[in-house]
2 protein chains.
Amino acid sequence: MTPDLDTVFSALADPTRRRILTMLLEDDMAVTDVAEPFEMSLAAISKHLTILAGAGLISQEKRGRVKWCKLEPDALKGASVWMQGFGQFEPVNLDAFEAFLAQELGDSPD
Amino acid sequence: MTPDLDTVFSALADPTRRRILTMLLEDDMAVTDVAEPFEMSLAAISKHLTILAGAGLISQEKRGRVKWCKLEPDALKGASVWMQGFGQFEPVNLDAFEAFLAQELGDSPD
DNA sequence: GGCATCGTCAACCATTTGGTTTAATATACT
DNA sequence: AGTATATTAAACCAAATGGTTGACGATGCC
């Protein structure tokens, strides 16, 4: 049921898809709205969303003619556990992520 | 300097490469020895190792005619931090990883 | 009904990926 | 010197990837 690591990691390997995930951190979005900031066709974004959904990283629900996309962070669990096994890093550094996010979004998180 | 997330995640997206990393968890290895358990040419493994090295996930040092491969877990830091930002998972579960490892290696860790 | 909007499908294209095989290079052994 | 071993390089190939455009099926609005 949980998608395999292949699927999850290769979904994460594309910058467009990671940017989409970052956008969805803030709120659920319709496909068209996800596509808006990208200089790329709607069809291309639609494909990226299909890949993210296939990896379980988002879910999509159609209400009316609008399809809503929602982040599903649990899909990262398996991959995260796998990676952590190598690290024995210092306990996960959320601050570093906040900093990354601020830069990624181009404005400060709330 | 730190390789970007694209490079790291796409390096991790291949099962052969993940298996190589898992092998290197146990000890440093020569290219030929890394290749041994795979049903794949040595050249193919050599390429995989180049990709892993490009992502910073391993380092390679040539001593004599043997090239030693060494895990570089720090390269996972950036990716790990990125992922954790989505999760707010329960604190990293090393036990789950041990279990995974045991299965992956086909024998119990020491 | 008629029109605009939301999203996907299908066909197509260029590039990348993951593998092969054969040859070449460098080091070590006797 | 000659041979064997360790590794990469080069050329090639099939399949996957990430994009495009244009047509199409739903849904909503007047």
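Letters A, B, ... mirror the listed sequences (proteins, then strands); counts begin at 1.
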Straight-line distance of Lys70(A) NZ to Glu61(A) CD, nearest 0.5 Å: 10.0 Å

Minimum heavy-atom distance between Phe9(A) and Ala13(B), given as atom pair plus value: CB-CA, 3.6 Å

Axis bend over the full length of the helix from dG1(C)-dC30(D) to dT30(C)-dA1(D), computed from five pairs that close each end, to 10 degrees: 20°

Minimum-distance nucleotide (side-chain atoms of His48(B) versus dT8(C), dC6(C), dG18(C)): dG18(C)

Heavy-atom closest contact (Val8(B) atom, Ala79(B) atom, distance): CG1-CB, 4.0 Å

Within residues 7-14 of chain B, residues whose heavy atoms come under 4.0 Å of DNA chain C: Asp14(B)

Shortest non-hydrogen separation from Trp82(B) to Thr22(A) and the atoms involved: CZ2-OG1, 4.0 Å

Atom pair CG/OG of Leu76(A) and Ser80(B) - distance to nearest 0.5 Å: 10.5 Å

Whole-Å distance separating the CD1 atom of Ile51(B) from the P atom of dT8(D): 13 Å

Value in whole Å for how far the C1' atom of dG18(C) lies from CE of Met40(B): 8 Å

Rounded interatomic separation in angstrom, taking CD1 from Ile45(B) and P from dT8(D): 12 Å

Heavy-atom closest pair, residues Arg18(B) and Leu12(B): NH1-O, 2.8 Å

Length of the CZ-P vector between Phe38(A) and dG18(D), whole Å: 14 Å

Rounded interatomic separation in angstrom, taking CH2 from Trp68(A) and P from dT8(C): 14 Å

Cluster overlap Ile51(A) with Met83(B), hydrophobic side-chain contacts below 4.5 Å: no

Protein-to-nucleotide contact annotation, 5' to 3' order, nucleotides 21-30 of chain D [B base; S sugar-phosphate only; - none; under 4.0 Å, heavy atom]: B-----BS--

Interatomic distance where CG belongs to Asp33(A) and C1' belongs to dC6(C) [whole Å]: 10 Å

Length of the CG-C1' vector between Leu49(A) and dC6(C), whole Å: 13 Å

Nearest non-hydrogen partners of Leu5(A) and Gly78(A), listed with the distance: CD2-C, 3.9 Å

Whole-Å gap separating P (dG18(C)) and CG (Asp6(A)): 10 Å

Interatomic distance, Arg17(A) atom CZ to Asp6(B) atom CG [nearest 0.5 angstrom]: 10.0 Å

Residue-phosphate contact under 4.0 Å: Lys47(A) side-chain N/O, dT8(C) OP1/OP2: no

Candidate nucleotides dT8(C), dT7(D), dT20(C), ranked by approach to the side chain of Gln60(A) - the nearest: dT8(C)

Spacing of Lys47(A) atom NZ and Ile45(A) atom CD1 [to the nearest 0.5 Å]: 11.5 Å

Same cluster (ILVMFWY, side-chain, under 4.5 Å), Met40(B) and Leu42(B): yes

